[in-house]
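One-based numbering, in listed order, for ligands and for the atoms of each.
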Amino acid sequence: MKSIKEIVSSQKSFFKTQKTKDINYRISLLKALKVEILANEKAILKALNKDFKKSEFEAYLSEFGIVISELNLAIKNLKKWAKPKRIKASLLTFPSKDFIYKEPYGTVLIIAPWNYPFLLAIEPLIMAIAAGNTVVLKPSELTKHTSEVITRIIKNVFTELHATSIEGGVETATELLSQKWDFIFFTGSTTVGKIVAKAAAKNLTPTVLELGGKSPCIIDGTVNLKLVARRLVWGKLLNGGQTCIAPDYVIVQSEMKQKLIQVLKTEIKKGYGENPKESADFPRIVNKKNTLRLAELIKDTKIIFGGEIDINDCYISPTLIDEPGLDSAIMQEEIFGPILPIVTYNTNEDIENIIWNLDKPLSLYVFSNNKSFIEKTINKFSFGGGVVNDLLIHFGNHRLPFGGVGASGIGEYHGKHGFEAFSNTKPVVKRGNWFDPSFRYAPYKGKTGLLKKVFKFLG
Ligand code: NAD
């Protein structure tokens, strides 16, 4: 077996052969990847269920289906995306033809998290290959059944020189990060994101960091609470609350709180029954360590619904928490579980005091029928992406770039934005030789006046 260092070195040599620059070759590999993934549909869905009891419906909706859509999109559009784009020339470059080229970075590292273990490993892989890179992917060690399927799929489609999956935990990730990459794409926690950024800085390696944070959900006094609760329960409990863009906590207008709690309870029971532990649709927490972390988070809080914990089964029931202190752990840490704190506001300053005292969130949600309140909220707060009157669905439109800001991430991807994330933008001016006025050449004496006029003309 080759060492990590040898794999990286052989991928770099392979990249230099220019084979990955061939668009038809890239398309043929994406097609082969699609065939392999489709052939493994059952194995993928089964692995996700084994890893944390993810239901077939959720696995298809939030992982398998999106991966196939991204593959179809890349296969259909790659020629268009990769073609050099003619750009209007400038008077300063006249005569010239100006272009933007998209070139692959080279040999890239992708590190994936466990919470959407198939999607968040394969989607970056698709776009990295589409852009013409070679890839080393490290899937998460916490969802080992899915990681095994990922490794097998990649092995069946690619040579190790082009793309490979290296399984392992922190030690493997650390060794991978000590190599010199042309680009790093990381999805995971803000804490580990800082470690990745530090390792990348050593070689000034460009990165995309897709991180987490506390995404607020603001609910004002103008909404239909029944509809809000239905969407909120879906957005919070999908994947057992282990979604980077899940609404972390609710800020509701104080007079609406009691009614909201009442309808949330009804909706949770409607979706997952009196005992969600028995529901085939309610996933588990990924491991005991995270279950214990969540149990600790709700320990000294006012639980108004749920709160059942079974550490051995990695189970935490859907839980509502009433008005936790803003400096409590549950209002400071990213929750990443089926627990929803509900805090209230009376004035806009109350909302500012909560959101501005935390890092910039990955997502922000606002439920309201007041146009002015919606626009003011969107413009006032900085966040990665958001939705008005629903949750999570901005992830579903490949035309929208997806990423965080500040502590919730750097850079963006999805659809064409994913192809661009894995490409270096290379502007090229092709100068004509038929005209070469002496104006720009020394000696400059007597030319400044004309130069000023040219800039005035350019505006
Ligand atoms: P994590 O940061 O613990 O792990 C992510 C990856 O980093 C794993 O492959 C892991 O092996 C590796 N890793 C862990 N410790 C490392 C270290 N010290 N050095 C180098 N690599 C290390 O994250 P996670 O628990 O797998 O995922 C949950 C987090 O990811 C949450 O914060 C969530 O919000 C975030 N997330 C963000 C997005 C997004 O698109 N922005 C998507 C999913 C998850």
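Side chain of Thr266 to main chain of Gln262: a donor-acceptor pair is present (N/O by atom type, distance under 3.5 Å, no hydrogens or angles).
Remark: Lys19 is not positioned above the aromatic ring of Phe14, lacking an NZ or CZ atom under 6.0 angstrom from the ring centre and at most 45 degrees off the axis.
Heavy atoms of Tyr116 come nearer than 4.0 angstrom to ligand 1 in no pair at all.
Looking at Gly188 next to ligand 1, an N or O pair under 3.5 Å apart turns up. Where the criterion is an N or O separation shorter than 3.5 Å, residue side chain and backbone included, Glu141 meets it with respect to ligand 1. The shortest N or O to N or O distance between Leu362 and ligand 1 is not below 3.5 Å. Considering backbone and side-chain N/O atoms, Tyr413 never comes within less than 3.5 Å of an N/O atom of ligand 1. For the pair Ser140 and ligand 1, the shortest N or O to N or O distance does not fall below 3.5 Å. The shortest N or O to N or O distance between Ala112 and ligand 1 is below 3.5 Å. An N or O contact shorter than 3.5 Å links Lys138 to ligand 1 by distance. When only interatomic distances are considered, the shortest N/O to N/O separation between Ser408 and ligand 1 does not fall below 3.5 Å.
In terms of protein heavy-atom proximity, atom 2 (O) of ligand 1 is closest to Ser189 OG, 2.6 Å.
Taking a 6.0 Å sphere around CZ of Arg293, one finds it holds more than 12 heavy atoms contributed by other residues, nucleotides or ligands.
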Show, in sequence, the C-alpha distance, side-chain angles and deciding distance for Lys144 and Asp51, and conclude whether the salt bridge (charged side-chain N to carboxylate O under 4.0 Å, His left out) test is met.
CA-CA 7 Å; Lys144 65 177 176 30; Asp51 280 328; over 6 Å; no
Would Glu334 and Lys214 count as a salt bridge (charged side-chain N to carboxylate O under 4.0 Å, His left out) if you check the C-alpha gap in whole Å, the side-chain angles of each, and the deciding distance to 0.1 Å?
CA-CA 5 Å; Glu334 180 182 11; Lys214 286 186 87 63; over 6 Å; no
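Tyr60 pairs by the ring-ring contact (aromatic ring centres under 6.0 Å, His included) definition with Phe64, not counting sequence neighbours.
Legend: side-chain hydrogen bond (donor to acceptor under 3.5 Å, both in side chains) pairs involving residues 167-190, not counting sequence neighbours, sorted by first then second residue: Thr151-Glu167.
Proximity of atom 4 (O) of ligand 1 to the protein is not indicated, since no non-hydrogen protein atom lies closer than 4.0 angstrom.
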